[in-house]
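Small disclaimer: the values here were computed from a predicted structure and weren't measured. Residue numbers count from 1 along this sequence. Heavy-atom basis, side chains included; hydrogens, waters and symmetry copies ignored.
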Amino acid sequence: MLSVKTLDADAVPASRPRRPRGLVPEIVETLSADVREGRLQTGDKLPTESELMGRFEVSRTVIREAISRLQASGLVETKHGIGTFVMSPPEQSNFRVAPEDFATVADVISLLELRISLESEAASLAAQRRDDSHLQNMAAALAAFEASIDESSDAVPSDFQFHMEVARATGNRHFADLMTYLGTMIIPRTRLNTASSAPEGRLAYLKRVHGEHQNIYQAIRQHDAEAARKAMRLHLSNSRERLRRAKPETPV
């Protein structure tokens, strides 16, 4: 069983700055490692909230959020009035991205980093393998995006549709399957009000995103695999850099 030190239930030592959202992933990973490495076994009861507060030197709110994430991942279950217990570890082979994985701006950036790797290659393959129907579908998504700008919409559905059509144009169903699984949550605007908060304003922001999409489309239309890869990488990297300028620990 873990060794813990006693700490007043609601006290937080002054020696550690309060970074609640940033500390949650650290605590989740530490407790997950305790399970993976056998320090906590299936059926074991977790230390109390007060004991965990003492171990990690954080507030009760931080501990409760960390426990909530562990519950969402299926690693622990809480029996009210009794305690929180370790469950059988979930299958490690099951890839999963859930809404609770987007608690902070840093979480959204992490998904963008995954997308940069996957979708840059998807754009390159799309440029090599696309047919006229794929181009028509991409063009339709671009037109819908442009119409959404004029209608004061956030353009999330058409944004996602464009990326989905690029994935379909690869001819590799796994790209489209992954996009379908992730759904519109891959678009940062579903979690963050990036359009309205953009320094240049909502209209200019969305027009810039639209222009980036058009560059991807033109490269795919011209069968230019390298240009398509670079255009997609630039588009997603721009989104990542805009978010990096925000505070990564900011809750969404």
Side-chain angles (χ1 to χ4, degrees), residues 97 99 101-102 105 107-109 111-127 129-224 227-243 246 252:
V97 178
D101 296 318
F102 297 94
V105 172
D107 295 332
V108 179
I109 291 173
L111 182 58
L112 273 171
E113 290 175 345
L114 175 65
R115 291 181 61 198
I116 288 170
S117 299
L118 292 172
E119 293 193 61
S120 296
E121 186 60 24
S124 176
L125 291 173
R129 301 172 181 175
R130 61 80 176 162
D131 59 27
D132 289 344
S133 66
H134 294 132
L135 291 180
Q136 290 170 3
N137 291 337
M138 287 181 216
L142 289 174
F145 189 105
E146 189 169 24
S148 294
I149 295 176
D150 296 334
E151 295 167 359
S152 299
S153 165
D154 61 8
V156 166
S158 52
D159 193 334
F160 174 73
Q161 191 61 37
F162 176 76
H163 286 271
M164 174 62 84
E165 296 303 338
V166 173
R168 287 173 175 155
T170 65
N172 182 332
R173 69 176 180 82
H174 297 298
F175 282 100
D177 286 349
L178 181 58
M179 293 293 288
T180 299
Y181 168 76
L182 293 173
T184 56
M185 75 169 67
I186 68 169
I187 309 299
R189 292 192 304 285
T190 62
R191 310 295 300 179
L192 300 161
N193 196 11
T194 49
S196 296
S197 62
E200 68 268 45
R202 173 194 165 276
L203 185 61
Y205 170 86
L206 290 178
K207 283 186 175 180
R208 178 149 52 90
V209 172
H210 182 53
E212 291 170 359
H213 285 169
Q214 288 179 313
N215 291 338
I216 297 166
Y217 169 78
Q218 289 299 334
I220 292 173
R221 186 178 68 83
Q222 294 166 9
H223 288 293
D224 192 333
R229 179 187 287 111
K230 289 180 178 179
M232 181 65 82
R233 177 172 290 276
L234 178 62
H235 169 52
L236 296 176
S237 295
N238 283 345
S239 294
R240 179 184 61 185
E241 294 312 308
R242 284 190 286 266
L243 291 176
V252 300

With a 4.5 Å heavy-atom cut-off, do [X] and [Y] have their side chains touching?
{"X": "Ile216", "Y": "Ile220", "answer": "yes"}
{"X": "Met232", "Y": "Val166", "answer": "yes"}
{"X": "Phe175", "Y": "Arg168", "answer": "no"}

[atom2] on [Y] to [atom1] on [X], rounded to 0.5 Å:
{"X": "Met179", "Y": "Thr170", "atom1": "CE", "atom2": "OG1", "value": "10.5 Å"}
{"X": "Thr180", "Y": "Arg173", "atom1": "OG1", "atom2": "CZ", "value": "11.5 Å"}
{"X": "Ile149", "Y": "Lys207", "atom1": "CD1", "atom2": "NZ", "value": "7.0 Å"}
{"X": "Ser239", "Y": "Arg115", "atom1": "OG", "atom2": "CZ", "value": "7.0 Å"}
{"X": "Leu112", "Y": "Ser117", "atom1": "CG", "atom2": "OG", "value": "11.0 Å"}
{"X": "Ser237", "Y": "Lys230", "atom1": "OG", "atom2": "NZ", "value": "13.0 Å"}

Show me the donor-acceptor pairs within less than 3.5 Å that the side chains of residues 134-142 make with the rest of the protein, sequence neighbours left out.
residue, atom, partner, partner atom, Å
His134, ND1, Asp131, N, 3.0
His134, ND1, Asp131, OD1, 3.1
Asn137, ND2, Ser133, O, 3.3

Take Arg130 and His223 through the side-chain contact (heavy atoms from CB on, under 4.5 Å) test and state the conclusion after the steps. CA-CA 8 Å; Arg130 61 80 176 162; His223 288 293; 3.2 Å; yes

Determine the interplanar angle of the Phe145 and His210 rings, folded into 0 to 90°, and report it as parallel if under 30°, tilted if 30 to 60°, perpendicular if over 60°.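 Rings of Phe145 and His210: parallel, as their planes differ by under 30°.
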
With under 30° as parallel and over 60° as perpendicular, where do the rings of His235 and His163 fit, or are they tilted in between? parallel

What's the verdict on side-chain contact (heavy atoms from CB on, under 4.5 Å) for Leu118 and Leu114, showing C-alpha distance, side-chain angles and the deciding distance? CA-CA 6 Å; Leu118 292 172; Leu114 175 65; 3.9 Å; yes

Does the side chain of Gln214 pick up a donor-acceptor pair with the side chain of Gln218 at under 3.5 Å? no

Before you tell me yes or no, could you show the steps for Leu234 and Glu212 under side-chain contact (heavy atoms from CB on, under 4.5 Å), namely the whole-Å CA-CA distance, both residues' side-chain angles and the distance that decides it to 0.1 Å? CA-CA 8 Å; Leu234 178 62; Glu212 291 170 359; 5.7 Å; no

Can you see which heavy atom on Ala219 is nearest to which on Ala127, and at what distance? O-CB, 4.1 Å

Compare every heavy atom of Val108 with every heavy atom of Leu243, then report the nearest pair and how far apart it is.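 Closest pair (atom of Leu243, atom of Val108, distance): CD1-CG1, 3.7 Å.
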
Is it the case that over 12 heavy atoms from other parts of the model lie below 6.0 angstrom from the CG atom of Asp132?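 No.
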
Within the side chain of Arg129, is there an N or O that forms a donor-acceptor pair under 3.5 Å with the backbone of Ala169?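 Not at all, since once roles are kept as given, no pair shorter than 3.5 Å links the two residues.
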
